[in-house]
Amino acid sequence: MLNIVLFGPPGAGKGTQSQKLIAQYNLVHLSTGDLLRAQIAQGTDLGLQAKKLMDEGLLVPDEVVIGMIDHALQANKTTAGGFIFDGFPRTVPQAERLDQLMAVHDSGINCMIALEVAEEELVTRLLERGKTSGRPDDQDESKIRRRVTVYNTETAQVAGYYAAQNKFHALNGIGAIDSIFTQICTIIDQHKTTAPETPAEATKEVKA
C-alpha cells in the first residue's frame, strides 16, 4: 500500500496535484478540510464547532481529526491502492499520531512531498480561489496571511520529522501543473517499491 503526505501552505496546489495522483496510483484522498466540510454540510455538532474554527483560520483538535482519519482508513483499506494525506499532519505530534495509527493498520507513510510557494503568490492564489470557493477564509487577506503564518511557524516543522526518516522531499510549487506532477511521480516511484519503515514509537497502541 502506497501512503503519501502531500505538504505545503494553503494555496500551494495540493488539491490539484492530489487529483492527478489519485488517478495515477489508485489512491484515496484524505483531506481533513474536506472531511470537516462534509460534517459542516451535514450540520453535525462537530461540523458547527469546526466551522467556527475554520472560519477564523484555526486548527481543529487533533483527536477529532485522527478519529475521522481512522474511520476513513477502515472504510477504504480493502479497495484502495493507498492514501494521500492532504492537510494532515500539521504538527509534529500529529505526525507521531499518524505513524501510530498507520502502524495499527499494518502500514506506514512512504514519503512526504512539500510544495514550496512564496507568501505573496499564495495570497494572490487564495484570493482568486475565494471568488468561486465560497470559503470565508479564502476571501479575507488577513485570514489568509494568518493561515500562512500558522503553516510557517508550526506546520513546516513536520518537514524535519519526516527528514529524520529519510522521507522528506521539497519541490518548487510554481510552474506548469504537469511538470510539477512529473517531479512528484518521480519521487513517489523511488519510494513505492520499498515498504515504509515505521518508527519505534509507531508501535504504541492508538487509543480511541
Side-chain angles (χ1 to χ4, degrees), residues 1-42 44 46-47 50-51 54 59-60 62 64-91 94-95 97-99 101-102 104-117 122 125-126 129-130 132-135 137-138 147 151 155 158-159 162 167-171 173 177-192 196:
M1 184 170 286
L2 175 66
N3 301 303
I4 304 161
V5 174
L6 188 58
F7 211 62
K14 299 186 299 297
T16 298
Q17 295 298 334
S18 290
Q19 293 307 309
K20 295 174 72 67
L21 292 169
I22 288 166
Q24 180 75 11
Y25 297 103
N26 186 32
L27 303 177
V28 170
H29 185 209
L30 294 185
S31 165
T32 54
D34 288 347
L35 291 172
L36 287 168
R37 281 187 284 275
Q39 294 289 324
I40 291 171
Q42 295 169 20
T44 65
L46 172 61
K51 185 178 187 305
M54 292 170 65
L59 303 180
V60 175
D62 290 359
V64 172
V65 178
I66 282 289
M68 291 190 303
I69 291 175
D70 188 18
H71 182 271
L73 291 175
Q74 292 279 11
N76 295 281
K77 66 188 300 183
T78 60
T79 57
F83 298 87
I84 180 166
F85 295 89
D86 175 359
F88 189 91
R90 294 174 182 258
T91 65
Q94 287 180 354
R97 292 284 284 127
L98 181 58
D99 272 340
L101 179 61
M102 297 303 290
V104 169
H105 290 276
D106 297 319
S107 190
I109 299 300
N110 292 78
C111 62
M112 173 208 179
I113 299 171
L115 300 178
E116 299 183 336
V117 180
L122 295 171
R125 290 183 181 185
L126 290 172
R129 188 174 77 180
T132 56
S133 71
R135 291 176 52 180
D137 55 347
D138 283 348
R147 290 159 65 194
Y151 173 84
T155 316
V158 180
Y162 286 107
K167 298 176 181 179
F168 172 73
H169 301 269
L171 289 177
I177 292 173
D178 287 343
S179 176
I180 296 172
F181 177 65
T182 297
Q183 295 176 64
I184 293 174
C185 289
T186 297
I187 293 170
I188 290 174
D189 291 342
Q190 294 172 352
H191 285 271
K192 71 177 183 179

Test side chain to side chain contact (heavy atoms under 4.5 Å, CB included) on D62 and R90; report intermediate values, then the result. CA-CA 10 Å; D62 290 359; R90 294 174 182 258; over 6 Å; no

Please determine whether side chain to side chain contact (heavy atoms under 4.5 Å, CB included) holds for the pair T16 and I180, giving the CA-CA distance in whole Å, both sets of side-chain angles, and the decisive distance to 0.1 Å. CA-CA 11 Å; T16 298; I180 296 172; over 6 Å; no

Evaluate the side chain to side chain contact (heavy atoms under 4.5 Å, CB included) criterion for residues F85 and I69: first the C-alpha distance (whole Å), next the side-chain angles of each, then the deciding distance (0.1 Å), finally the verdict. CA-CA 9 Å; F85 295 89; I69 291 175; 3.8 Å; yes

Determine, step by step, whether I113 and I188 satisfy the side chain to side chain contact (heavy atoms under 4.5 Å, CB included) criterion, reporting the C-alpha distance in whole Å, the side-chain angles of both residues, the deciding distance to 0.1 Å, and the verdict. CA-CA 9 Å; I113 299 171; I188 290 174; 3.8 Å; yes

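When every heavy atom of A170 is checked against every heavy atom of E116, the shortest pair comes out as CB-OE2, 3.4 Å. Minimum interatomic distance between V117 and P9 (heavy atoms only, all atoms of both residues): O-CG, 4.4 Å. Considering every non-hydrogen atom in both H169 and K167, the closest pair reads CD2-O, 3.5 Å. What you find for D137 and R147 is that their closest heavy atoms are O-NH1, 2.6 Å. Contact between D138 and S133 at its shortest, heavy atoms only, is OD2-OG, 3.2 Å. Closest non-hydrogen pair, N110 versus M1, comes out as OD1-O, 3.5 Å.
Counting only heavy atoms from C-beta outward, the side chains of F181 and L21 approach each other to under 4.5 Å. Looking only at side-chain heavy atoms (C-beta outward), R135 and R129 come within less than 4.5 Å of each other. For the pair H105/D70, a side-chain contact is recorded, criterion being any heavy-atom separation below 4.5 Å from C-beta on. Proximity of I184 to L115: side-chain heavy atoms (C-beta onward) are separated by under 4.5 Å at one or more points. The shortest side-chain heavy-atom distance between V65 and Q94 does not fall under the 4.5 Å cut-off.
In this structure, the separation between CG on L2 and SG on C111 is 6.5 Å, given to the nearest 0.5 Å. Once rounded to the nearest 0.5 Å, the distance linking CD1 of I40 with CG of D34 reads 10.5 Å. For the atom pair CD1 of I84 and CG of N3, the computed distance is 10.5 Å after rounding to the nearest 0.5 Å. Here the CD1-NZ distance, from I4 to K192, works out to 9.5 Å after rounding to the nearest 0.5 Å. Distance CG/D178 to CD/Q17: 8.0 Å, rounded to 0.5 Å.
Judged as a ring-ring contact (aromatic ring centres under 6.0 Å, His included), the pairs with a partner in residues 6-30 (not counting sequence neighbours) are, in order, F7-Y151.
The only option from I66, L30, V5 that meets the side-chain contact (heavy atoms from CB on, under 4.5 Å) definition with F88 turns out to be I66.
More than 12 heavy-atom neighbours from other residues, nucleotides or ligands sit within 6.0 angstrom of CZ on R125. Within a 6.0 Å sphere centred on NZ of K51, heavy atoms belonging to other residues, nucleotides or ligands number 12 at most.
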